[in-house]
Amino acid sequence: MIEYKSVLTTCPYCGTGCTLHLQVLDGTLVGTLPAKEHPISQGGLCIKGWNVHAFVNHKDRLRTPMIRKNGKLEEATWEEALGLVAEKLGEFKAKSGPDSIALLTSAKCTNEENYLLQKFGRAVIGTNNVDHCARL
Amino acid sequence: MTNSIPEFEENTNCFFVIGSNTSEGHPLIATRMLKAQKRGAKIIVVDPRKNQIGHWADIFYTFRPGTDVALFNGLMNVIISEGLEDKAFIAERTEDFEALKTLVAEYTPEKVAEISGVPADGIREIARTYAKAKPAAILYAMGITQHTTGVDNVKSTSNLAMLCGNMGIPGGGVNPLRGQNNVQGACDMGGLPNVYPGYQAVTIPDVQKKFQDAWGSAGPLTVGLTVTEMLHAAQEGKVRALYVMGENPMVSDPDLNHVRHCLEETEFLVVQDIFMTETAEMAHVVLPGVTFAEKDGTFSNTERRVQRVRKAIEPIGDSKPDWVIICELAKKMGATGFDFASPSDIMTEINALTPSYGGITYARLEELGSLQWPCPTVEHAGTPYLHKGKFARGLGKFFPLEFKEPAELPDEEYPFTLTTGRLMFHFHTGSMTRRSEKLDSEVPTAYVEINVRDAEKLGLNGDKRVRVTSRRGEIELDARVTDDIKRGVIFIPFHFAEAAANKLTNSAIDPVAKIPEYKVCAVKVEIVK
Ligand code: SF4
């Protein structure tokens with residue numbers, strides 16, 4: 001049995017915000033279809049939208065955390081990587097103050113993720129050094 | 001955007017497009033404009049190059065990059081001197097009109113023609129067309145904001161819109177078209193050094209207290225650093241750790257050689273991303289996040305429309321959704337308030353703390369498909385266009401603005417003006433689109449557009465390899481000779497790391513918005529033998 005589903009979601013490329021259907025076959029993305037009922041795209045997509053599924057499975061995707069050792073990035077576990085980040089950020093905060101840390105949120109991530117990272121910066125670190133590249 | 005995309009097709013009678021290549025940058029918005037054109041709406045385009053939308057325009061002029069304020073003043077000069085302004089709107093809904101009138105009186109079409117390169121009769125034609133075709137919408141993108149005078153440029157657009165009563169009506173307004181999918185959301189959610197979610201200022205003690213009460217702890221009362229300032233501070237050792245989620249300043253920021261240097265000096269760089277970007281390569285710790293297809297959440301588009309992102313497949317390899325990574329890190333640091341079971345849970349907290357998102361719940365998005373903020377309560381239907389009947393501040397304020405030259409002008413050594421932008425087939429720094437076979441094959445690498453007559457003067461015969469040099473760096477790439485670009489101006493798309501336009505650009509910033517001046521810098525062009 002093959003398993004097929006179609007998932008309605010929002011295009012990750014430009015600020016127009018067309019919605020589209022991701023076609024999933026046995027847990028793998030195989031294609032994209034436009035959404036007919038959408039108030040903006042009205043069943044259309046541009047060439048970027050038609051190809052949104054193409055980069056998801058790319059072989060270059062990062063699959064594991066990495067830590068720089070002796071000048072080279074080497075594979076690590078989540079435990080090691082997050083442990084190191086927590087330790088370092090804690091250390092800088094204690095020694096040099098919260099404003100020695102800065103964070104960039106992302107115009108590509110979701111609202112919820114942007115909310116969380118700025119909350120992390122402000123509530124956990126204690127700094128307003130929070131920005132993203134929207135100016136760019 | 002003050003207004004909504006569907007209004008363009010239904011209501012708008014005139015589009016004034018400046019600094020946006022709409023059909024390449026936002027193709028499905030352009031589709032709606034072209035449908036409006038079929039029923040008689042006029043499209044006016046002003047740009048340093050005859051971009052794709054320029055070819056479809058009813059009225060098109062090239063202009064000298066960075067002279068936007070002068071051009072707007074010239075248009076308003078014509079409108080006022082010919083009595084085409086909306087007198088009732090000005091009297092009821094605005095203030096400081098007299099000051100504006102006095103200032104723009106100086107900007108005659110002839111004077112503005114000299115500054116901007118748009119002929120005096122062209123300025124009259126644009127002014128009359130815009131003023132007589134209510135509702136008329138102004139559309140702009142980074143062509144307006146990426147200047148040392150970016151804030152003045154934006155204020156100029158609203159001066160013009162108010163002058164003709166094009167605010168608070170469907171099909172009108174001033175409409176910045178956001179480049180990246182969730183720029184709007186990143187700003188709305190407080191991904192800015194001066195505001196909490198919903199643009200609540202960090203400097204207001206009551207706001208700080210509200211977030212302290214909700215989170216147990218909040219940021220200081222002082223504004224933090226912008227991205228450009230962070231990089232400088234990292235170089236000086238004042239910022240010791242930089243945490244970057246899903247951004248690639250090594251291709252997107254101005255003056256890349258300087259950015260590289262700053263990142264090298266950063267003691268501890270953490271990058272959370274989906275690919276080994278140029279920035280991730282320099283990191284001390286790399287955390288693999290997931291794409292939009294592997295997580296739930298919401299994006300807010302350029303017309304403030306909040307829509308669902310839905311998980312279609314499991315995360316690839318050992319990668320994790322960014323929201324999960326942040327929660328795990330926060331908990332590792334001993335923090336409370338990060339026990340979220342799902343993005344829907346996070347949205348519930350956003351609803352409680354962000355007035356404009358108060359009524360935007362997952363349950364309602366499931367039912368309605370989308371909601372446009374401000375949407376303060378679950379009974380509220382959302383807001384397709386802003387400023388209906390009243391501006392947020394009460395009366396709409398006119399800002400009389402003098403024209404100022406860009407920070408770096410061409411001279412004998414660097415005789416060309418470089419302007420940068422995006423292409424239809426690629427997205428931002430290319431880390432996604434360039435890994436998409438079909439998109440990459442359309443435009444696989446960088447090029448520079450140069451005017452035919454400039455090319456002749458340089459001795460370029462047809463397409464050839466050239467070196468473009470500014471005071472900050474140099475790149476080599478192929479030349480495309482065209483008469484679609486203004487003489488003295490060259491254009492380079494910024495998606496390509498191997499010939500990154502931002503090695504050349506100027507990091508001089510607007511004093512208020514702190515946007516770097518991507519759109520104008522001085523360069524020279526030489527043939528590579
Ligand atoms: S399909 Fe094209 S126009 Fe629509 S959001 Fe995606 S990139 Fe933008």
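Quick note: numbers below take in every heavy atom, side chains included, and nothing from hydrogens, waters or symmetry partners. Just so it is clear: chains get the letters A, B, ... in the order the sequence lines come, proteins before strands, and each one is counted from 1.
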List in chain and number order the residues that pass ring-ring contact (aromatic ring centres under 6.0 Å, His included) with B/W215, two or more places apart in sequence or in another chain; answer none if no residue qualifies.
B/Y196, B/F211

Taking 4.0 angstrom as the limit, do B/K295 and A/E112 come out as a salt bridge?
no

For B/V270, is it the side chain, the backbone, both, or neither that has a heavy atom closer than 4.5 Å to a heavy atom of chain A?
side chain

Is the shortest side-chain heavy-atom distance between A/Q42 and B/K35 below 4.5 Å?
yes

Using non-hydrogen atoms and a limit below 4.5 Å, what part of residues 73-80 of chain A faces chain B?
A/L73, A/W78, A/E79

Flag the one option from B/S300, B/P220, B/S370 with the top tally of heavy-atom pairs under 4.5 Å to chain A.
B/P220

So, do A/L82 and B/L287 sit near enough that their side-chain heavy atoms are less than 4.5 Å apart?
yes

Return the option, out of B/G317, B/G224, B/P288, B/A186, with the maximum number of heavy-atom pairs under 4.5 Å with chain A.
B/P288

Go through the atoms of B/E281 and report whether side chain, backbone, both or neither lie under 4.5 Å from a heavy atom of chain A.
backbone

Of all of B/V286, B/I29, B/T291, B/T298, which one pairs up most often with chain A through heavy atoms under 4.5 Å apart?
B/T298

If I measure from the heavy atoms of chain A, does B/T222 come under 4.5 Å with its side chain, its backbone, both, or neither?
backbone

Identify, with sequence neighbours excluded, every residue that meets salt bridge (charged side-chain N to carboxylate O under 4.0 Å, His left out) alongside A/R68.
none

Taking salt bridge (charged side-chain N to carboxylate O under 4.0 Å, His left out) as the definition, give me every residue that meets it alongside B/R32, ordered by chain and number, with sequence neighbours left out.
B/E9

Within the structure provided, determine whether B/F338 and A/L116 are in side-chain contact (heavy-atom separation under 4.5 Å).
yes

Should A/L62 and B/I274 count as side-chain neighbours, where that means a heavy-atom distance under 4.5 Å?
no

